[in-house]
Colleague: 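Right, I'll just put the structure down here and ask away after.
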Amino acid sequence: MRVRFAPSPTGQLHVGNARTALFNWLLAHGKDGTFLLRIEDTDIERSTRESETGILEDLRWLGLEWDEGPDVGGPHGPYRQSERLHLYASYANELLAADHSYYCFCSPAKLDADRQEDLAAGRPPRYHGTCRAIARADAQARIEGGDRPVVRFRVPESEEVRFQDLVRGEVVFNTDVIGDFVLVRSDGRPQYNFAVVIDDALMEVTHVIRGEDHISNTPRQILLYQALGFTPPEFAHLSLVMGPDHTPLSKRHGATSVSEFRARGYLPEALVNYLALIGWSPRTDGGSGEHDAELLPVDEMARRFAIEDVGHSAGIFDVEKLAWMNRHYMKAAAPARLAAESLRYFTARGYVSRRTDEAMEYVSMILPMAVGSVDRLEEIPDRLRFLFDFEPAAALARAEVAEVVHSNGARDVIVALADELRGAGRLDRDGFRAAANRVKQRTGQKARALFHPIRVALTGEAGGPELDLAVPAIDRGADLPSSAGIAPIVGCRERAELFARMVK
RNA sequence: GUCCCCAUCGUCCAGAGGCCUAGGACGUGGCCCUUUCAAGGCCAAAACACGGGUUCGAAUCCCGUUGGGGACGCCA
């Protein structure tokens with residue numbers, strides 16, 4: 001089995017396309033097949049090398065490695081359509097010679113007028129066949145005279161083209177709704193349907209798995225396979241991914257490209273796992289009726305994947321469910337990896353200025369306070385901002401903080417805390433607990449009435465990670481030398497002092 | 001407009017004629033845990049689009065309606 005993913009490098013890798021790539025990858029990996037990557041860059045106006053590089057990077061980040069492709073090569077290369085032009089030219093001539101295609105000299109204006117006419121008359125817009133009967137010699141003469149025609153495929157009339165779609169079953173099209181489509185543009189570059197067929201045939205692709213938006217291209221391509229004497233592959237058309245309003249997932253729905261999700265702090269395994277579950281679910285092994293867990297490593301998904309099990313209807317991209325998965329995978333991730341992945345967000349906030357061993361160690365230390373309670377890596381620094389941004393005046397100005405301070409006995413607690421901390425040593429977990437205990441004895445406050453004011457005085461916030469973790473983190477951070485590359489952290493003693501002064 | 005595809009909780013799926021009093025997950029609500037906010041645990045509410053058939057029996061099969069999506073380019 002040979003499958004392929006064939007993006008055009010005209011922008012970033014869209015999550016919908018990433019899902020298509022994933023399904024191809026899953027199929028190949030579950031069946032010991034080959035997954036190849038082909039770059040469809042025949043649209044020279046829009047294709048860029050930057051996009052290509054970005055797409056390759058995103059696929060690799062997702063873990064969807066390919067066996068053959070533009071950068072790794074393979075036995076059926078080149079894998080970039082712009083480098084295969086000679087192949088298309090040769091097959092175009094073959095089709096011309098066999099009279100399966102012909103030169104068309106119609107101007108864009110004429111074509112457009114025809115289209116408008118069809119639409120107005122309630123007919124499906126299709127090529128009128130104006131140049132169908134131009135004699136070869138006449139065409140040749142016009143070309144020599146400087147005309148630059150396109151090559152059109154001669155679509156047979158009133159024929160039924162049918163194919164067994166692996167996910168949808170039999171699909172039938174009548175050729176009467178298909179106009180003679182362009183094979184080669186006037187500048188000699190191949191048109192999509194033509195290049196795809198030649199490449200898929202030559203690259204020996206056995207299963208074409210792509211988005212549903214290509215389903216109406218399939219009869220055209222089958223016609224081409226037949227004219228060229230190639231055997232068509234199996235086809236499977238995946239339903240599309242929509243936004244919550246049932247319109248195609250686009251910018252106004254938020255992030256749409258893999259790189260955006262990456263930038264926002266989603267883990268690749270979370271995105272992959274989530275994407276696989278749009279339109280597919282792991283088949284239940286037993287007959288228990290119980291649905292298997294949805295959280296699956298990609299190899300396990302590949303093991304269970306069957307293209308026939310893929311759903312028929314469009315799926316809506318649910319950011320909430322993705323967030324849930326991401327939370328899960330963040331908790332499961334190795335601390336060192338998480339620290340490395342989160343560093344950029346700390347840097348962006350100005351919390352870390354240089355990547356030093358001490359900085360990494362500190363980030364690793366404070367990470368557990370945030371992981372598990374945030375949806376994305378990007379949100380981690382904000383959850384930990386109390387470490388770096390301690391401003392009692394601004395804190396007091398916030399309603400929820402003021403409320404705590406004004407509750408009964410809160411001032412006493414804060415004053416006592418400041419006093420206790422003056423003589424306290426290291427505020428590790430035990431040190432903090434001891435100090436809190438002394439404050440408890442002095443003020444008679446306990447539980448919420450005790451810890452809430454302490455939290456506010458030490459973090460400037462009414463909520464946040466457990467103090468058992470937060471206080472030692474502050475204490476440790478305050479001791480860091482400036483060479484550590486961490487933004488200066490105000491120590492607990494000073495925090496309590498400042499706060500006590502403000503509430504007196 | 002024409003052609004093609006699709007239709008189970010708000011969302012993603014399970015369900016391949018009796019196992020369905022329609023199951024799971026996310027989300028939502030409640031409760032619990034708890035020194036806070038989250039997280040976590042437990043419980044609950046929540047769907048077979050509609051109308052006709054076929055059948056002893058239909059969420060499951062057929063037809064239609066409605067609704068949604070896609071395609072109709074010298075884009076891919």
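Atoms considered below: every heavy atom in the structure, side chains included; atoms not considered: hydrogens, waters and symmetry mates. A note on names: the letters A, B, ... follow the listed sequences, proteins ahead of strands, and every chain is numbered from 1.
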Colleague: On RNA chain B, nearest-nucleotide positions of V177(A) versus E40(A): which is more 5'?
Modeller: V177(A)

Colleague: Using a heavy-atom cut-off of 4.0 Å across all strands, would you classify S373(A) as base, sugar-phosphate, or nothing?
Modeller: base

Colleague: According to a strict under-4.0 Å criterion, is T42(A) in side-chain N/O contact with OP1 or OP2 of A76(B)?
Modeller: yes

Colleague: Examine the base of C74(B) for any acceptor or donor lying under 3.5 Å from a partner atom in the side chain of S186(A), and report the outcome as yes or no.
Modeller: yes

Colleague: Can you tell me the pairing partner of C9(B) across any strand shown, Watson-Crick or G-U wobble, with both distances under 3.5 angstrom?
Modeller: none

Colleague: By the 4.0 Å heavy-atom rule, please label M242(A) as base, sugar-phosphate, or nothing.
Modeller: sugar-phosphate

Colleague: Could you work out which one of A39(B), G1(B), U36(B) sits closest to the side chain of R448(A)?
Modeller: U36(B)

Colleague: Quick one: which of A7(B), A71(B), U11(B) gets closest to the side chain of S216(A)?
Modeller: A71(B)

Colleague: Could you check whether E466(A) gets within reach of a base, just the sugar-phosphate, or nothing at all, counting any heavy atom under 4.0 Å?
Modeller: base

Colleague: Say you pick atom C1' in C48(B) and the same atom in A58(B); how far apart are they, in whole Å?
Modeller: 11 Å

Colleague: What interatomic distance, in whole Å, is found between P of C5(B) and the corresponding atom of C9(B)?
Modeller: 22 Å

Colleague: Give the ring-plane orientation class for F163(A) versus F235(A), where under 30° counts as parallel, over 60° as perpendicular and anything between as tilted.
Modeller: perpendicular

Colleague: Reckon K331(A) has a side-chain N or O less than 4.0 Å from the OP1 or OP2 of G40(B)?
Modeller: yes

Colleague: What integer distance in Å separates N437(A):CG from U35(B):C1'?
Modeller: 13 Å

Colleague: Among all residues two or more places apart in sequence or in another chain, which pass the ring pair (Phe, Tyr, Trp, His ring centres under 6.0 Å) test with F432(A)?
Modeller: none

Colleague: Between the base of U36(B) and the side chain of R455(A), is there a donor-acceptor distance below 3.5 Å?
Modeller: yes

Colleague: At under 4.0 Å between heavy atoms, what does G463(A) touch on the DNA or RNA strands: base, sugar-phosphate, or nothing?
Modeller: base

Colleague: Sticking with atom C1', work out how far U65(B) lies from C72(B), rounded to a whole angstrom.
Modeller: 25 Å

Colleague: Using the C1' atom in both, what is the distance from C31(B) to G52(B), to the nearest Å?
Modeller: 47 Å

Colleague: Please tell me which of the listed nucleotides, C4(B), G69(B), C13(B), lies nearest to the side chain of T247(A)?
Modeller: G69(B)

Colleague: Between D41(A) (side chain) and P9(A) (backbone), is there a donor-acceptor pair under 3.5 Å?
Modeller: no

Colleague: Select base, sugar-phosphate, or nothing to describe what P248(A) touches, counting heavy atoms under 4.0 Å on all strands.
Modeller: sugar-phosphate

Colleague: Compare every heavy atom of A92(A) with every heavy atom of F194(A), then report the nearest pair and how far apart it is.
Modeller: CZ-N, 3.6 Å

Colleague: Between atom CD1 in I278(A) and atom C1' in C26(B), what is the gap in whole Å?
Modeller: 12 Å

Colleague: Using atom C1' of each nucleotide, how far apart are A47(B) and A7(B) to the nearest Å?
Modeller: 12 Å

Colleague: Is it the case that G73(B) (base atoms only) and Q191(A) (side chain only) share a donor and an acceptor within less than 3.5 Å, ignoring hydrogens and angles?
Modeller: no

Colleague: Base, sugar-phosphate, or nothing: which does R327(A) touch, judged by heavy atoms less than 4.0 Å apart?
Modeller: sugar-phosphate

Colleague: Of all the nucleotides listed (A25(B), A76(B), G70(B)), which has the minimum atom distance to the side chain of L240(A)?
Modeller: G70(B)

Colleague: Contact class for L467(A) vs. all strands (heavy atom < 4.0 Å): base, sugar-phosphate, or nothing?
Modeller: base

Colleague: Mark yes or no for whether T48(A), through its side chain, and S51(A), through its backbone, hold a donor-acceptor pair below 3.5 Å.
Modeller: yes

Colleague: Between the side chains of R210(A) and T218(A), does any donor sit under 3.5 Å from an acceptor?
Modeller: yes

Colleague: Check whether any side-chain nitrogen or oxygen of R210(A) sits under 4.0 Å from OP1 or OP2 of A76(B), and answer yes or no.
Modeller: no

Colleague: When all nucleic acid strands are considered with a 4.0 Å heavy-atom cut-off, which category describes G464(A): base, sugar-phosphate, or nothing?
Modeller: base

Colleague: Find the distance Q116(A):CD to C72(B):C1' and express it as a whole number of Å.
Modeller: 13 Å

Colleague: Does the side chain of Y192(A) come under 3.5 Å of the side chain of N217(A) through a donor N or O and an acceptor N or O?
Modeller: no

Colleague: Using the rule for Phe, Tyr, His and the six-membered ring of Trp, do F451(A) and U35(B) stack at under 5.5 Å and under 30°?
Modeller: yes

Colleague: Could you check how far CZ of R123(A) sits from P of U2(B), rounded to whole Å?
Modeller: 13 Å

Colleague: Look through every strand shown and name the nucleotide pairing with A59(B) as Watson-Crick or G-U wobble, where both distances are under 3.5 Å.
Modeller: none

Colleague: Applying the Watson-Crick and G-U wobble criteria at under 3.5 Å, what pairs with G27(B)? Answer none if nothing qualifies.
Modeller: none

Colleague: Have a look at R383(A) and say if it touches a base, only the backbone sugar-phosphate, or nothing, with a 4.0 Å heavy-atom cut-off.
Modeller: base

Colleague: Taking D118(A) for its side chain and P125(A) for its backbone only, find out whether a donor-acceptor pair lies under 3.5 Å.
Modeller: no

Colleague: Atom CD of E170(A) and atom C1' of C5(B): how far apart are they, to the nearest Å?
Modeller: 14 Å

Colleague: Distance between the C1' atoms of G70(B) and A16(B), in whole angstroms?
Modeller: 27 Å

Colleague: Do any side-chain nitrogens or oxygens of R385(A) fall under 4.0 Å of OP1 or OP2 in C37(B)?
Modeller: no

Colleague: From the options Y329(A), F317(A), W324(A), F261(A), select the one residue that forms a ring pair (Phe, Tyr, Trp, His ring centres under 6.0 Å) with Y274(A).
Modeller: F317(A)

Colleague: Does any nucleotide pair with C20(B) by Watson-Crick or G-U wobble geometry, both distances under 3.5 Å, and what is it?
Modeller: none

Colleague: So N217(A), base contact, sugar-phosphate only, or nothing? Heavy-atom distance under 4.0 Å.
Modeller: base

Colleague: Under 4.0 Å between any heavy atoms, over every strand shown, what does V150(A) touch: base, sugar-phosphate, or nothing? Just pick one.
Modeller: base

Colleague: What does R152(A) touch in the nucleic acid at a heavy-atom separation under 4.0 angstrom: a base, only the sugar-phosphate, or nothing?
Modeller: sugar-phosphate

Colleague: Report the distance from atom CD1 of I222(A) to atom P of C4(B), rounded to the nearest whole Å.
Modeller: 15 Å

Colleague: Identify which nucleotide among U35(B), C6(B), G24(B) has an atom closest to any side-chain atom of A447(A), counting heavy atoms from C-beta outward.
Modeller: U35(B)

Colleague: Would you indicate what G279(A) reaches in the nucleic acid, counting non-hydrogen atoms under 4.0 angstrom: base, sugar-phosphate, or nothing?
Modeller: sugar-phosphate

Colleague: What nucleic acid atoms does E212(A) come within less than 4.0 Å of, heavy atoms only: base, sugar-phosphate, or nothing?
Modeller: base

Colleague: Which of the following nucleotides, C74(B), C4(B), C12(B), is nearest to the side chain of I215(A)?
Modeller: C4(B)

Colleague: Starting from C1' on U11(B), measure out to CD on E320(A) and report it in whole angstrom.
Modeller: 10 Å

Colleague: So which nucleotide does C74(B) pair with, by the Watson-Crick or G-U wobble rule with both distances under 3.5 Å?
Modeller: none

